[in-house]
Amino acid sequence: MSKTTKWRVPGKAVYFAFTVIPVALYTFFYVVSVVNGVKYSFTDWDGMSVDYDYVGFKNYMLLFKNPNFLGSLKTTLFYSCMLVVVVILASLLLSISLNSLRWFKTFVKSIFFVPAMIGGVTIALIWDQLFYRVVPLIGQLLGIGWLSQSLLMTGKTALPAVVFVQAWQAVAMPTVIFIAGLQQIPEEQYESAKIDGATAFERFRYITMPYLLPTVTVNLVLTIKQGFTSFDFPYALTGGGPVRATEVIGILIYNDAFKNMRFSVANAEACILFVVVAAFSLTQLKLTSKGGVNE
């Protein structure tokens with residue numbers, strides 16, 4: 001006679017035990033770091049000394065009088081806007097095209113996702129060589145003057161070039177998210193619209209976009225965060241040059257902390273960046289919270 005094994009449902013203590021380590025790691029590496037960063041932003045700490053003095057809002061007041069900081073903030077804002085526009089439009093067009101494929105759909109999707117698996121610095125170094133060796137050659141063959149030299153060497157073209165390189169990698173994940181959203185749209189909606197005589201643009205506007213609005217929100221938040229916190233691509237490609245043309249705030253924070261040994265100022269800059277990113281994200285979430293198919 002076989003005995004029936006009875007499995008006991010784990011209690012709350014077991015579930016809690018599985019969360020202890022992740023919560024402890026998150027608290028130590030994120031919460032404590034953020035709190036310390038905010039604290040040091042109100043000091044004159046240089047990153048090395050044991051002793052430091054509290055200076056209140058002095059670091060913040062000096063930053064808003066610093067033309068380098070204001071210029072870096074403006075560059076970061078412009079950089080983020082360009083990245084959002086390029087990534088969202090490109091990923092939306094790619095997702096619609098890939099979702100309409102009938103043959104080799106999985107293979108083609110995997111090809112477009114390859115850049116997301118390569119490190120940012122590696123991609124930057126590859127494109128750095130392309131900009132210095134391949135692009136000028138193409139410009140000379142076509143007789144285009146501004147394309148006959150590296151796009152990273154002039155202030156007018158350096159920032160768009162860096163945005164292009166980051167967008168080339170960043171477009172992969174939003175494309176996958178958009179494809180997942182497209183696959184959730186009932187096919188009956190399109191069939192009914194075709195019977196009613198709706199054009200392709202009308203089907204996109206009144207069916208596709210309302211269903212994709214939640215995924216648009218997710219992609220916007222992720223891309224805005226990528227833009228404002230960009231560091232590896234601008235630093236590896238230009239180091240902030242030429243003449244601070246690509247000095248986003250991430251590079252400015254790095255230089256103030258590790259080159260100028262002004263950790264308190266760098267922490268103040270990071271806190272301001274946090275507030276700016278939070279404000280943009282909350283505003284964007286508020287603007288896109290209405291208009292979906294469930295609203």
Side-chain angles (χ1 to χ4, degrees), residues 16-80 83 119-122 124-125 155 158-159 162 166 221-283:
F16 177 76
F18 278 101
T19 63
V20 169
I21 295 178
V23 169
L25 293 174
Y26 180 83
T27 302
F28 180 77
F29 288 105
Y30 182 78
V31 176
V32 174
S33 299
V34 171
V35 172
N36 282 332
V38 174
K39 181 186 75 172
Y40 288 126
S41 69
F42 295 102
T43 69
D44 60 356
W45 187 48
D46 61 2
M48 300 294 293
S49 303
V50 178
D51 299 325
Y52 54 85
D53 297 321
Y54 284 91
V55 296
F57 288 92
K58 179 180 178 181
N59 292 328
Y60 292 92
M61 291 186 292
L62 292 176
L63 281 178
F64 285 103
K65 297 179 182 179
N66 186 350
N68 291 336
F69 172 75
L70 296 177
S72 177
L73 199 60
K74 181 181 178 181
T75 301
T76 304
L77 178 61
F78 188 49
Y79 185 96
S80 302
L83 186 67
V121 176
T122 303
L125 294 176
L159 193 64
V162 177
Q166 182 165 358
V221 172
L222 292 176
T223 310
I224 288 173
K225 180 256 182 185
Q226 283 182 323
F228 276 101
T229 59
S230 293
F231 172 78
D232 48 356
F233 286 98
Y235 190 81
L237 285 168
T238 63
V243 197
R244 296 181 180 270
T246 60
E247 188 183 59
V248 294
I249 196 168
I251 294 179
L252 182 67
I253 293 173
Y254 172 82
N255 290 335
D256 282 335
F258 298 103
K259 291 186 178 181
N260 302 326
M261 302 306 293
R262 300 193 303 166
F263 273 79
S264 59
V265 175
N267 277 299
E269 293 166 348
C271 290
I272 294 175
L273 176 62
F274 170 80
V275 173
V276 171
V277 174
F280 268 87
S281 299
L282 291 175
T283 302

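Every value quoted in this text rests on a predicted model; they were computed, and no experiment measured them.
- Looking at Thr76, its side chain does come within 3.5 Å of a backbone N or O of Ile249 through a donor-acceptor pair.
- Applying the ring-ring contact (aromatic ring centres under 6.0 Å, His included) rule to Phe18 yields no partners; only residues at least two apart in sequence or on another chain are considered.
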Let me see the working for Leu237 and Thr246 under side-chain contact (heavy atoms from CB on, under 4.5 Å), right down to the final yes or no.
CA-CA 9 Å; Leu237 285 168; Thr246 60; over 6 Å; no
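- Between Ile253 and Phe231, the closest side-chain pair of non-hydrogen atoms is not below 4.5 Å.
- Around CG of Leu25, the count of heavy atoms belonging to other residues, nucleotides or ligands within 6.0 Å exceeds 12.
- With Ser80 contributing its side chain and Phe228 its backbone, the two residues share a donor-acceptor pair below 3.5 Å.
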Dump the intermediate steps for side-chain contact (heavy atoms from CB on, under 4.5 Å) on Tyr254 and Lys259, then the final yes or no.
CA-CA 7 Å; Tyr254 172 82; Lys259 291 186 178 181; 4.0 Å; yes
Go through Phe69 and Leu62 one step at a time and tell me if the side-chain contact (heavy atoms from CB on, under 4.5 Å) criterion holds.
CA-CA 10 Å; Phe69 172 75; Leu62 292 176; over 6 Å; no
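- Residues meeting the ring-ring contact (aromatic ring centres under 6.0 Å, His included) test with Tyr40, sequence neighbours left out: Trp45, Tyr52.
- Taking CG from Asn36 and NZ from Lys39, the interatomic distance works out to 5.0 Å, rounded to the nearest 0.5 Å.
- When all heavy atoms of Ala257 and Ala266 are compared, the pair lying nearest together is CB-CB, 3.7 Å.
- Aromatic rings of Tyr60 and Phe42 (six-membered ring for Trp) have centroids within the 6.0 Å cut-off, being under it.
- Here salt bridge (charged side-chain N to carboxylate O under 4.0 Å, His left out) pairs that include residues 229-250, with residues two or more places apart or in two chains, are Arg244-Glu247.
- The structure places NZ of Lys225 at 9.0 Å from OG of Ser230, a figure rounded to the nearest 0.5 Å.
- Shown here for Leu63 and Ala268, the closest heavy-atom pair between the two residues is CD1-CB, 3.7 Å.
- Taking CZ from Phe258 and CG from Asn255, the interatomic distance works out to 10.5 Å, rounded to the nearest 0.5 Å.
- Taking the side chain as every heavy atom from C-beta outward, Phe274 and Val38 never approach each other to under 4.5 Å.
- Considering all non-hydrogen atoms of both residues, Ser41 and Cys271 come closest at OG-SG, 4.1 Å.
- Minimum interatomic distance between Gly241 and Ala158 (heavy atoms only, all atoms of both residues): O-CB, 4.5 Å.
- Judged by distance alone, with hydrogens and angles left aside, the side-chain atoms of Asn59 form a donor-acceptor pair with the main-chain N or O of Thr43 at under 3.5 Å.
- Within a 6.0 Å sphere centred on NZ of Lys74, other residues, nucleotides and ligands contribute 12 heavy atoms or fewer.
- Side chains of Phe263 and Met48 form no contact here, defined as non-hydrogen atoms less than 4.5 Å apart.
- Here Arg262 contributes atom CZ and Asp256 contributes atom CG; the two are 4.5 Å apart, rounded to the nearest 0.5 Å.
- A donor-acceptor pair is defined here as one N or O able to donate and one able to accept, closer than 3.5 Å; such a pair exists between the side chain of Asp44 and the backbone of Asp53.
- Here the options are Phe78, Phe233, Tyr235, Tyr79, the test is side chain to side chain contact (heavy atoms under 4.5 Å, CB included), and the partner is Val248; only Tyr79 passes.
- When each of Asn66, Leu73, Leu252 is tested with Glu269 by the rule side chain to side chain contact (heavy atoms under 4.5 Å, CB included), just one qualifies, namely Leu252.
- Rounding to the nearest 0.5 angstrom, the gap separating the CG atom in Leu273 from the CG atom in Asn267 is 12.0 Å.
- A distance-only check finds no donor-acceptor pair linking the side chain of Ser72 to the backbone of Asn68 [under 3.5 Å].
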